[in-house]
Amino acid sequence: MSRTCPVAIALTMLIACAVHAQAPEAPEGPEAPPAPHTPEASPTRRGPSGVSPLRGYVSMNGAYQLASGDFASGASTRVHAEEGRFDTTYALPRGPAFDVAGGAVLWGRLAIGAGLSRFSVATPGALTARVPHPFFFNRHRTIGGEVAGLTRTEQAVHVQVRGLFPAGERLLVMVFGGPSFFQVTQGLVADYSYTDGYPYDEASFRSAITGSASVSKTGVNLGADVAFFFTRQLGAGGMIRYAGATVSLPAVGGATEVHAGGANIGGGLRLRF
Amino acid sequence: MKRAILATAIVGLGLQWNGAARQDPVADQAAALRISASGDAAIRQWDALVDQWQGAGELRRMRVTTDTLLPDRTHERLQQYHDGVPVFGGAVTRQLRGPVTMSIFGTVYTGISLETTPRLSPDEARDVVERLAGADASVDGLPQLIVLPGGGSGYTLCYRATVVRVDDELVYVIDANTGDQVFRYSNLKRQASVGRGTGVLGDTKKISATQTAGAFFADDRLRPPAILTYDMRGDPVRTVDYLMGRRSLSAADIAVDTDNDWTDGAAVDAHVYAGWVYDYYFKRFGRSGLDDRNLPIVSLVHPVRREAFAILGRDYRLFFANAFWSSARRAMVYGVGLPRGTARQDVNFVSGALDIVAHELTHGVTDFTSDLVYLNESGALNEAFSDILGTGTEFFYHPPGSGFLRADYLIGEDVVTPGGVRSMQFPADYRQPDHVRLRCCVGDWDNDGGGVHINSGIPNHAFYLSIEGGRNRTSGLTVDGVGSANREQIERVFYRAFVFMLAPLSNFLSARAATIRSARDLYGAGSRVERAVTQAWDAVGVAPRRTVEVNFWPNPVSPTPGCRPACWDFVTSVLTPSIAYTVGSFDVLFYDASGRLTGIQRGSAGDFVRLFNRCGPAATRVPPDNEACSFARAALGGRSAGAIGFVFRGTLADGTRLDVASDRLALRGTASLDETHERDAMRFAPPLLTSVR
């Protein structure tokens, strides 16, 4: 909720700005000359130059998710009549993402649309475990190992309100924001196996037993897009977007909180209608 | 067909010597070819033979499995048959990479010429097994006919049957012609399970048990040897029957717990500490159990009930306030302690003392190594080695200090309270000598086997001084020990000397020489360790003698009770320096109470051999650094007090003639006897020295 408030404020400002831009210029005084009507000032209307009003847009981006960081999960295990524990730290690296969005102009410079993004990256885990000794209490063996094959997949649907701000014939600046609906699938270590042998004073990590948890969560997105059109409909652009949510993944030792999404930068194809 | 193996046995035996294929010479008795071929040449030869036997039907492929670790390998398992009957244990495994043989292992039996038609039918065999197994068992399926290597003609036609019982699964092998049981074994595979146990002193520890049929048994499967703890359930007759070999123990006798949270402290400590002792030996010395070959460690607890002490205490005293290692059964028996107030010290379940458990198991190690004879000095060394490693084990696991579950130089202090039974630091506080001058009763075998539990104080104290240093109270000599932080060095020195260097009749001087040698080998000549060990032996008086000495025990000596007229039993020892001494003859000199010589008894070399036979093989030649001793009875011809002395005439090994005169040994009297005999001097008979039977 605390994340939604600033976004709501931003959205409100965006809508206000877009509405303001769309409204006829009010004369500042009786002696003021009438404002020249330029196509840029009202992209939804065909102006004197004959530019068609913008009705909708599509963007396809190859993106790069900038957010990175570690998260951890762990659980207690009862081994040899004593509590042991294993913990895994997962590295979430930056990585490529794919993003597609589209929308239609509702009114003036205000558009509504939806976007779909997908981010998938390997999240290698580093497992450490304290394995109870079979013969003695409080004489745990510490083992550790790398766990490969764990991935994070984030798929999100972003509902966006966009403010469209043309700058000349070819340049279009868009700012946007709205709710995002994330589905996060994360590979997690559920258990581990180890090898040891008499006299059992040392043990070594053998393998991890992994599973995956998948949860959905609503978050927010906010960003800006700048497009340059080579033709009337086709262009290229870049975007920067923050879309994120905090999700609670069900894990063996209890829920693990992870942050999904983050800042993305990207660029790609732009279409306008 | 069967002649294929017979015919190729010669070839196979030839392969025995080609180096690449090893064969077990023990298997010769059973005419077995043990195949272990992993070199190219051997593989080629054995591969051809296996193919030949397979073609003749004497080896039949049972299964082929894919190697899970090497994807391109398969393993073929072949069973040996004789006239269509499987040969027990005759099997070959062949590792293949595609069509290429990579290795061959297994055993095939040769020279089988056995009629394979049994007198008993399978149904009759089943009846026999049912009778053998008892009412609560059932035979699983029909017995299978097998050829069993062994028996009068080399092989026996047998039936093998599996019997299922509530608590076990047994395989019976019976003679297919006579129905006699050939052998049986438990085929039940058990699961190791670690539980929690509360020891005698209320401490909690992990216990390695085995889960079977919902219960947990004191059967440790996590360590290399089997470690089994049996609960004799307070039945002394059963315990004695077992110790005397009249009955064996079964799985039903193993101590058991229903939830793996063990509360029988005696069983918990016996079982857990046996494992700890095994670990101590393994980690400290690299030794694999009592015999270094992972001999099973068997412990018996609750041989009696403590409450039965009033009734059974006299006949079964060992089962109460003691623990012992049975060499015959290779098993430990732990006493149940004493009811409070029945002795000066309280005695708890004896297995509750880690040093005692280690002490007793070390007797097992001694059995398999030096085999020190449990008499005289060798017996005292046997005891001392057990105390030394018992204490070493205690320091290995417990923090140093005083009190329960603390490591110190007391023996048995955790269960015999207060104070334990011996002290390596202050032997004299427990009526043990701390110096060889105070040595007790060597040669008096009825007195603690010549003082095995008494004179152990001397090497015990040497061990203590080697580590901790300090001053010997008797000699006043000071030792610079290696320090408690380096105790491991001294433990290794003593272990190495006692396990590898000592012989069954080693004495204190041998132990001195061996431990010094061991210290020198391990830590260098002139090392601090060697110095500490040397000084320690010096301090307790165990050092090479300069000349032949004659000692007495006791000194002075009191009259032997019940002897009329008065007599005195005592030990006389002739101790040699580092050169042998051969006794030619000797005189025994008798003195009255005033010191007047009253008689002389002359002894020949033969008399010496007859009398001086208590400290080693009887002979006139006393080896270097050794002793000959007698346990003799002197009579003073009716006198009630006096003295006795010896003069030995002999030759040193270098040809030097040497006559040795002993000090006079005072033969004490009692006032009443003295008066009686002094009044009636005419009744005096000649003084005499005879051996005590």
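Nothing here was measured: the structure is a model prediction, and the numbers come from that model. Per chain, numbering begins at 1; letters A, B, ... match sequence-line order.
Heavy atoms of other residues, nucleotides or ligands lying less than 6.0 angstrom from CD of Glu202(A) number 12 at most.
Taking CZ of Arg196(B) as the reference point, atom NE2 of His80(A) lies at 15.5 Å (rounded to 0.5 Å).
The closest side-chain heavy-atom distance from Tyr198(A) to Leu222(B) is not below 4.5 Å. With contacts defined as side-chain heavy-atom distances shorter than 4.5 Å, the pair Arg223(B)/Pro199(A) does not qualify.
Cation-pi check for Lys206(B) over Phe136(A) is not met; the charged atom does not lie both under 6.0 angstrom from the ring centroid and within 45 degrees of its normal.
Interface residues of residues 275-285 of chain B toward chain A, defined by a heavy-atom distance below 4.5 Å and sorted by number: Trp276(B), Tyr278(B), Asp279(B), Phe282(B), Lys283(B).
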